[in-house]
Colleague: 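Pasting in a structure now, in structure tokens, and then I'll have a few things to ask.
Just so it is clear, the values below take in all heavy atoms, side chains as well, and ignore hydrogens, waters and symmetry mates. Quick caveat, the model's predicted, so the values are computed rather than measured.
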Amino acid sequence: MAKKVLLAVDINNEETSKGPLEAALDLVRDGGVLHVVSVVPEFGLPQVSGFFPEGYEKRMLAKFSEALKAWVTTHVPDGVEAHPHVAHGTIYDQVVRAADKLEVDVIVIGSHRPELRDYLLGPNAARVVRHAKQSVYVVRT
């Protein structure tokens with residue numbers, strides 16, 4: 001049993017969140033704390049973000065935070081202590097940072113079947129495994 005578990009989810013993809021959620025709930029079933037993180041990618045170059053209205057990013061993060069809270073309320077059973085966290089930036093980097101900041105015991109993350117581009121660039125799950133100080137439980141989705 002883990003005392004603190006970080007579950008990384010994409011709340012916009014229901015299919016890829018099922019397996020990791022089940023695994024994370026299993027790890028905290030005897031009274032652990034579940035931290036749920038979802039990452040909003042950055043716009044990238046300033047030339048891109050300049051096309052959006054001022055304050056757009058702040059409003060988007062607030063709206064995403066509400067969506068994550070709703071996801072946690074809907075998917076995490078009553079009786080499980082769960083805390084939603086929105087991060088902003090590069091997915092694997094933000095997951096690792098959240099795990100360190102929250103001092104979790106284990107990270108649970110899903111990984112899709114690899115495609116050719118994944119062998120060249122490396123999927124987020126592989127990068128989390130390489131860079132995390134914590135144990136990482138990768139669930140094939």
Colleague: For the backbone of I91 and the side chain of N124, can you confirm whether one donor and one acceptor N or O come within less than 3.5 Å of each other?
Modeller: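 Side chain of N124 to backbone of I91: no pair is present.
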
Colleague: Describe, in one word, how the ring planes of H75 and W71 are oriented to each other, choosing from parallel (under 30°), tilted (30 to 60°) and perpendicular (over 60°).
Modeller: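 Ring orientation of H75 relative to W71: parallel.
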
Colleague: Rounded to the nearest 0.5 Å, how far does OH of Y137 lie from CD1 of I109?
Modeller: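 Interatomic distance, I109 CD1 to Y137 OH, rounded to 0.5 Å: 14.0 Å.
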
Colleague: Considering the options V108, V138, V36, which one meets the side-chain contact (heavy atoms from CB on, under 4.5 Å) requirement together with P20?
Modeller: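 Per the side-chain contact (heavy atoms from CB on, under 4.5 Å) rule, the option paired with P20 is V108, out of V108, V138, V36.
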
Colleague: With side chains defined as the heavy atoms from C-beta onward, is the minimum distance between D105 and V5 less than 4.5 Å?
Modeller: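 SC-SC contact between D105 and V5 ruled out.
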
Colleague: Starting from the C-alpha separation in whole Å, work towards a yes-or-no answer on salt bridge (charged side-chain N to carboxylate O under 4.0 Å, His left out) for R97 and D100.
Modeller: CA-CA 5 Å; R97 284 178 189 229; D100 289 343; over 6 Å; no

Colleague: Any chance you could measure L7, atom CG, to L25, atom CG, to the nearest 0.5 Å?
Modeller: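 That separation rounds to 8.0 Å.
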
Colleague: To the nearest 0.5 Å, what is the distance between CZ on R59 and CZ on F52?
Modeller: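 Going from CZ on R59 over to CZ on F52, the span is 11.5 Å.
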
Colleague: Using every non-hydrogen atom in the two residues, find where H131 and V96 come nearest and quote the distance to one decimal.
Modeller: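 The answer is O-CG1, 4.0 Å.
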
Colleague: Would you say V9 and L21 make side-chain contact, with heavy atoms under 4.5 Å?
Modeller: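 A side-chain contact under 4.5 Å is absent here.
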
Colleague: Determine the sole option in V86, V39, V128 for which the side-chain contact (heavy atoms from CB on, under 4.5 Å) test with Q94 is passed.
Modeller: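 The single option meeting the side-chain contact (heavy atoms from CB on, under 4.5 Å) with Q94 is V39.
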
Colleague: Can you list the residues that meet the side-chain hydrogen bond (donor to acceptor under 3.5 Å, both in side chains) rule with E103, with sequence neighbours excluded?
Modeller: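 Not a single residue meets the side-chain hydrogen bond (donor to acceptor under 3.5 Å, both in side chains) criterion with E103.
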
Colleague: Is the shortest heavy-atom distance from the side chain of V40 to the side chain of M60 under 4.5 Å?
Modeller: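 The answer is yes, as the side chains (C-beta and beyond) meet within the 4.5 Å cut-off.
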
Colleague: Cluster partners of V33, using ILVMFWY side-chain heavy atoms under 4.5 angstrom, listed by chain and number?
Modeller: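 When side chains under 4.5 Å apart are linked, V33 ends up in no cluster with other residues.
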
Colleague: To the nearest 0.5 angstrom, please state how far the OG atom of S65 sits from the NE2 atom of H85.
Modeller: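 Reported to 0.5 Å precision, the distance equals 10.5 Å.
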
Colleague: Could you grab the distance from atom CD of Q134 to atom NZ of K4, nearest 0.5 Å is fine?
Modeller: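 So the CD of Q134 and the NZ of K4 are separated by 11.0 Å.
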
Colleague: Are V104 and H35 packed together at the side-chain level, in the sense that at least one heavy-atom pair is separated by less than 4.5 angstrom?
Modeller: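 Yes - at least one pair of side-chain heavy atoms lies under 4.5 Å apart.
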
Colleague: Output the distance between atom CG (L61) and atom CD (E66), rounded to the nearest 0.5 Å.
Modeller: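 It is 12.0 Å, given to the nearest 0.5 Å.
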
Colleague: Kindly say whether D10 contributes a backbone atom to a donor-acceptor pair with the side chain of S38 at under 3.5 angstrom?
Modeller: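 Not a single qualifying donor-acceptor pair exists.
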
